[in-house]
Each structure stands twice: as C-alpha cells, then as structure tokens.
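Each remark here refers to the structure printed beneath this line.
The figures here come from the full heavy-atom set of this structure, side chains too, leaving out hydrogens, waters and symmetry mates.
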Amino acid sequence: MAEFSQEEKDNIEKEFENILESCPKCTQNKETEVLVRKAFDIANWAHNGSRRKSGEPYILHPIEVAKIASSEIGLGATAVICALLHDVVEDTDLSLEDIADMFGGKIAHIIDGLTKIRDALKTQAGQAENFKKIILTIADDVRVILLKIADRLHNMRTLDSMPHDKQVRIADETLNLFVPLAHRLGFYNIKMELEDLCLKYLQPSIFNDISKKLKNSEKKRVHYLNRFCLPIMFTLEQENIKYNISSRSKSITSIWNKMREQNVPFEHVYDVFAVRIVLTDVAHEDEKAMCWKVYSVITDKYTPNPQRLRDWIATPKDNGYEALHTTVMGPDGNWVEVQIRTERMNDIAERGYAAHWKYKKLDGYEKSQLEVWMERVRSSLSSPDSDSLSFLDDFKLNLLSNDLFAFTPQGAMHRFPTNATVLDFAYEVHREIGNHAIGAKINKTKTVSLDYKIQSGDQIEILTSKTQRPQKEWLNIITTTKARKALKQVFKSEQKRLVAQGQKMLKTILHNKKLQETDTVYEKLLKGLDCIDKDDLYEKIAQGIFSEAQIIECATRKRTNKIIRFLKPQIFSKEEKTEKQEPDDTIQILHSNNSDYTIAQCCHPIPGDSVIAFKPDMNFVLHKSTCPQAIELQLLHKAYEVRWKNSHSNAFLVSIRLDGKDRIGVLRDIANVISEQLNINIRNVQIESIEDIFQGTLDLYVVDLSHLNNLMVKLQKIKGMRRVERVELQKK
C-alpha cells in the first residue's frame, strides 16, 4: 500500500480536529481526550495506505462517521471512539479482546455489534436470523444501530464512486431498512436525506428533474419566504417572544410523493414551502401555551387551512416528535406550511432517541411511545416462542411510526400503526375481547367489519359474541404485534388439541378396520388426502374434513392417485354442536342440497373461508363472518355455522389484486401460473402499467380457499411481483 502524501496526512489530521470541535464530551477531561486520540491513531495506522473507490484515504470514512455520530445524532465520546474503530478489527490483526484491553468491554461490545450487522447484511442465507441479530443490538445498546445509521448515511453520501448495480442494491437496502429505522428513532433530517439519496440512485430521472426545478426556483422561493416571514417576525418581537426562524423547501422525496398521491405536476404541489419557528427560553410547563400563542400570531396574519392543522403536542408521535403544524395561505395565493416548536421539541425532532435522556428528569415527563416501542422489542426478543421469521414479520409491522389514535367508549386513548384495523383495537383493549369480536360500532353510529381501517379520532365499541372464535384469516387483517401474538397463541393451542384428537381418531379408525399404522399407510394417506405432514393429517381429521370412508379408501388403495375434492356447505346451529367436538356424524345436518343455499353477493365466500349462514326464507344465505351485512344480521337473527363437506359443487368466483415491477413477459408468466400450472378459469382481467410498475385485478374461479392460497403463493414467486392479495369482488 502506498503511503499518503504529506498534504493528505495534514488533511486527515485537520478532519480529526473537526471531530473534537463537534463533540464537547470528547474534550471534557484529559482522560477522555487521550482515549479519543488513541482510537484515531490506531484507526489511522490500521487504514494507512488504504483508499476508497473514490480514491480518497479510507481513514476519512470512519472520521466522517464519527462526525455524523457527534454533530448530527448527538452521541458522545464512546460513540466517537467506536466510529473511529468500527472497521479496524476486520482490516488488521487486532482482535475484539485487544480492543477491550485498550478501551474497555463496552466499546468492544458495540464494535462487535457493528461487525455482526455488516456480516448479516452481506449474507443472503438465513436472512431472518441475521435480521434478528441486527435488531438485538437495539435492545442491547441502541448506540450500535445509531452508529450503523451514521455509517450508512456517509456511504450513501459517497455512493457516486460505486458501480451502478451496487448503487441500486445499497439504495434499495437503505430504503427498506435504514430509512424506516431512522424515522422510527426520530432522526427526521437523516431520514429525509437518506430518502432523497435513495431516490437519486433508484429513480435518477425523477430526482434530477425535481432537483433542477427546485434550483431554478430557488431565488424566487427565498424572496417569497422573506415576504412571508417578515410580518410574523415583526409581531413576535412586539410580543417579546424569543425565537429562531428558518425556511426551506420540502425534500425531493416528499415533493415526489405528493406528485404521485395527488397525480399533479411539480408546479401544482401547493405546499413546497415550509417555515419553522423554534421558540427559545421557554419553561417546560409553558411550552404548549406559547406554541398556541405563536399559532394565533400566524393565523392573524394569514388564513389557515383547517384540514391541515396537526397538533403533535397534545398527542406526540410515537418516536417523541412534538410540534404544531399548520398550512396557511401566504402572499399571492401560495400555501405555506409552518412548524412551531420549542428548543426541547426541536432537539428531539433532530436528534431523536439520542436526545430523550436529556429530558427524563423534567417535571411532568412521561415515557415516550418510542421508549414503549423499545421495551416491546426487548420483550419480543426475550420471548421463548420468538422464532426468527415471526420476529421479522412482527418487527417490520411495527417499524414505521404509530400515526393513529382511537378511543374506547369510555374515552381511553390507544395508539396504532397506519392501516390498523378494528381487530387490532379489540386485542389492544383485551385478548378475550379480540378472541370474541365480530365487528364494531364507529362513533356510535356506523357498524363495520373487523377489517375496517381505523381513522384517527375514531371512538370504537367492539361488538362480541360468545360463540365467536378466532379465525386463521384474521392474521391477514391485523397489523400490531400484540394482536398477532395473541392469535398465534390461540392457534397454537388449538392446533395441539386438534392434532392430539385427530391422532386418536385415526388410530381408532385403522384399528377397527384391522389396519396397522405403518409408514406405507401414512404415505398413502398423506398423498391421497393432499396433506403436508402427519400433523396436518391429524388436524384435518379432527376438523371433519375427511370422512371415515375416505380415510379407509386411501389407506387401502393400491395406487396413490390424488383425490380431487369438491366442497359443499353443511350447516348447523351453533347450539346443536356437541361439547366434545365429536366427528361430523354426531352433528344434526340441517342442509345438504345445493338448491337450499345461495352465496351472498356482498362478500362472495368460498370453501375454506370462515362462513356463517342465515335463513331469511326457505333457503340459507352464506356470508363471510367478516362481512358488514353479516355483522348486522347477527345482531338481529339467528346465525348458523357452516362446515364445508366433501361433495360435488360448482367452482367459486374470487378476485385478487396484483402489483409489481413491470417487465417484458410478466403477463405471460401470470397466465402460465393460472392456466397452465393450475388449470384455473379466468372470468375477467384488468392490468395496467404506470412507468415501471404494473397493477391489475383478476376475477377467476377456484375450488376452495386452499386452491386460492396455492395460486397466490405461486403468483408471489413470479419475478418482480411485490404484492398478491385477495380483494372483494366488484359489482359489474
């Protein structure tokens, strides 16, 4: 490796001195300053002669990470030392034990965490387990993930020197993991910069177009914002209110999102302008009143948009963010967003989790939702039932901010993630309420199904039934870890009971026919009855899906051809079920002929769905148990459970929605799965492409829910497919 030039060495030393200037804690005492200098000397020695792809000395990377950690995130000397040393163990013969001897166990532990994250991100196999290891660092020492965010931010800032394929891979990884983490931990500036850098490499034409338009309008924008701010500043000074005021344009990504959401060009995004007012020297107990006083000053000057008022002081975001946001009509009819904060609020907004510890001792301080979330992460990691895949799902579900809040009939407030449903609310109130929920009353007027998406401010009364039981499809409509954990516990317990019951039933059936429980018999049963394994077989036997005749026929068959099963509903009163959950022949059959029932056109249930029936006249009408009409009917009429029995019936019409990355041949691949592989008849196809994304809806005929799920799994595996979901059939 070639030695650095004297000019490069001088620049490296100068950049290190900048760290000391940006980190007061690094020089607060001689001992700490010596340790920081020692870390720099070791890093400088370790990376001597090494260069990045850009050609600059590699040591400048850990220096920049240390500067981001201290000046932009607000971490102290320990984090700076770790940032300087974070690549040393990989690049030299120094071990973690050597680092521990020189700097202490805590610093060695943090560096070990950073090394594990880097290794995990390089590995494709066992991704769920690796991701769990990454998040484990949050529960152990949050500085690990904060330093990794700093490391990723500098890498994204210097991504120009990388090959295009690596730019895209790193940007995609950043967008899916580090942007949500930065947002969740409250680092808004870093989150916005990462988003913009991701857009730069993933959609360069869009990024460059908006950047150019912002640059061309910069002088005009600055002049306009000065006109807007001057009357406000004059009044604030008259009122002796101490403040700092700044103005800016929204981030490029934010502008692009608005263009897409509103389907308008750049010129029609009405609130590109933003002004921030930060109040200084405000006592903690006076913060709310002072912010509203400034809001009054602003709205006296400019007309506010009542739909754009956001009070994040009364109900802070779950990552601790507090502020008043309003959008007002400025000069010349332009909308301007104004953010009002105090110094404390601004510190938390810019430095997120790293700033929270400073304010814990304030009178009236309450544990933030971010701290509650951190505790849930720790609890999830410590759970003995927390396998890697389920943890990964739960973590991703709760990674983004909880932007919704809703109330019980008694006025108690609960927070939820975006897209949370009534069922999430039910489980948040109490597990048993969730287990027996059938729907809800919203704001004391509207009856809704369990998959209704909560709107902020909703008052929700959960409707329950003693005969209701958790359904497997509920897993598709919940968003919170608490609800998912409760459901999985119920299903796990029920599955164990059914497996034990089915095993006993099968043993009795085989014994009565003098058949041995051999591997050959089980192989015939698994293949003939289309079961995954023995537990799946036992469970389905206990559920009454297979008759005794079917089981004997499969067990004694010479050829193990697959049985194609068609289903029809068997309906019985909930009161007429036996308490022992005996096989189907103990249940009084109320219906067995196709002509005696109709499928409700409001929800189109299919075999395998959780279905209930009503008898308004001579025929039964079958509804999904989640159907809003069914919920209303349950409050007024007797409901019947439906069990699908083996018999010939017509196929059932369903609708699925697809979206993914458009490419040549994707429609052919979709058609191949549907028609060639699964021999499914299609009724209607609607697919359109917008830029590089395709979206579509398919109406097709399936035998049952298992048939549909098999189709959806195969479609999800198609290259570029992002989402496959069942949706309600649209009326033609």
Side-chain angles (χ1 to χ4, degrees), residues 180 183-184 257 260-262 307-308 310 312 315 317-318 369 373 393-409 412-431 433-464 468 470-487 602-605 609-610 623-632 634 654-659 695 697 712 722-731:
H183 180 72
R184 184 60 149 151
N257 288 339
R260 288 190 301 169
E261 290 166 6
Q262 299 169 10
Q307 303 300 318
R308 300 285 297 167
R310 300 289 184 269
W312 299 116
T315 54
K317 289 189 176 183
D318 62 340
Q369 290 297 315
W373 176 77
D393 290 340
D394 291 345
F395 182 82
K396 285 185 174 179
L397 280 172
N398 291 278
L399 188 56
L400 297 175
S401 288
N402 291 353
D403 289 329
L404 304 176
F405 56 90
F407 300 91
T408 66
M413 187 180 78
H414 296 279
R415 291 175 175 271
F416 298 93
T418 304
N419 294 324
T421 62
V422 159
L423 189 57
D424 288 308
F425 186 93
Y427 276 106
E428 184 66 27
V429 174
H430 196 279
R431 177 180 299 180
I433 291 177
N435 287 342
H436 298 292
I438 60 171
K441 285 277 189 185
I442 303 296
N443 302 322
K444 300 181 180 179
T445 55
K446 183 171 66 173
T447 303
V448 298
S449 61
L450 295 175
D451 60 357
Y452 168 84
K453 291 182 179 179
I454 298 170
Q455 306 297 309
S456 273
D458 277 348
Q459 188 174 42
I460 301 173
E461 177 190 357
I462 300 298
L463 305 174
T464 61
Q468 176 69 297
Q471 311 296 326
K472 286 285 178 69
E473 56 264 36
W474 287 6
L475 290 169
N476 297 325
I477 63 175
I478 56 173
T479 64
T480 64
T481 302
K482 186 172 182 179
R484 187 168 296 274
K485 190 174 181 180
L487 277 174
C602 52
C603 57
H604 291 274
D609 284 333
S610 174
H623 289 261
K624 283 185 187 177
S625 59
T626 57
C627 174
Q629 286 193 28
I631 295 167
E632 293 279 6
Q634 282 189 80
V654 296
S655 185
I656 58 174
R657 181 184 295 138
L658 316 171
D659 72 66
Q695 296 176 328
T697 304
M712 292 172 67
R722 297 195 308 183
R723 181 174 57 179
V724 180
E725 61 180 352
R726 181 181 174 187
V727 295
E728 293 298 332
L729 277 160
Q730 300 298 311
K731 294 182 179 179

Open item on the list: Looking at every non-hydrogen atom in both residues, tell me the closest pair between Ser655 and Thr697 and how far apart they are.
Closed with: OG-CG2, 3.2 Å
Task: Nearest atoms (heavy-atom pairs only) where Thr479 meets Ala420 - done: OG1-CA, 3.3 Å
Open item on the list: Would you say that Val448 contacts Ile460 through its side chain, given a criterion of any heavy-atom pair below 4.5 Å between the two side chains?
Closed with: no
Task: Distance, nearest 0.5 Å, that separates CZ of Arg657 from CZ of Arg723 - done: 6.5 Å
- [ ] For the residue pair Thr421 and Leu450, establish whether any side-chain heavy-atom pair is separated by less than 4.5 Å.
- [x] no
Task: Heavy-atom check, side chain of Phe425 versus side chain of Thr408, under 4.5 Å - done: yes
TODO: Could you pull out the closest heavy-atom pair between Leu423 and Ala437, with the gap in Å?
DONE: CD1-CB, 4.4 Å
Open item on the list: Rounded at 0.5 Å granularity, tell me how far CZ in Phe407 sits from CG in Asp458.
Closed with: 10.0 Å
TODO: Tell me yes or no: between the side chains of Asn443 and Thr445, is some donor less than 3.5 Å from an acceptor?
DONE: no
Open item on the list: Nearest 0.5 angstrom please: Gln695 CD to Arg722 CZ, how far?
Closed with: 8.0 Å
TODO: Supply the atom-to-atom distance Thr480 OG1 to His414 NE2, rounded to the nearest 0.5 angstrom.
DONE: 11.5 Å
TODO: List the atom of Lys444, the atom of Gln459, and the distance in Å for their closest heavy-atom pair.
DONE: CE-OE1, 3.5 Å
Open item on the list: Quick one, Thr447 and Leu463 - any side-chain contact, counting heavy atoms below 4.5 Å?
Closed with: yes
TODO: Identify the two heavy atoms, one from His436 and one from Gln468, that lie closest to each other, and give their separation to 0.1 Å.
DONE: ND1-O, 3.0 Å
Task: Heavy-atom check, side chain of Trp474 versus side chain of Asp451, under 4.5 Å - done: no
Open item on the list: Would you compute the distance between atom CG of Asp424 and atom NZ of Lys482 and round it to the nearest 0.5 angstrom?
Closed with: 11.0 Å
- [ ] First locate atom CD1 of Ile477, then atom CG of Asn419, and finally report the distance between them rounded to the nearest 0.5 Å.
- [x] 12.5 Å
TODO: Decide yes or no for Cys602 and His623: does some side-chain heavy atom of the first lie under 4.5 Å from some side-chain heavy atom of the second?
DONE: yes
Open item on the list: For Lys453, is there any backbone N or O sitting under 3.5 Å from a side-chain donor or acceptor partner on Gln455?
Closed with: yes
TODO: Answer yes or no: is there a side-chain heavy-atom contact under 4.5 Å between Arg484 and Leu487?
DONE: no
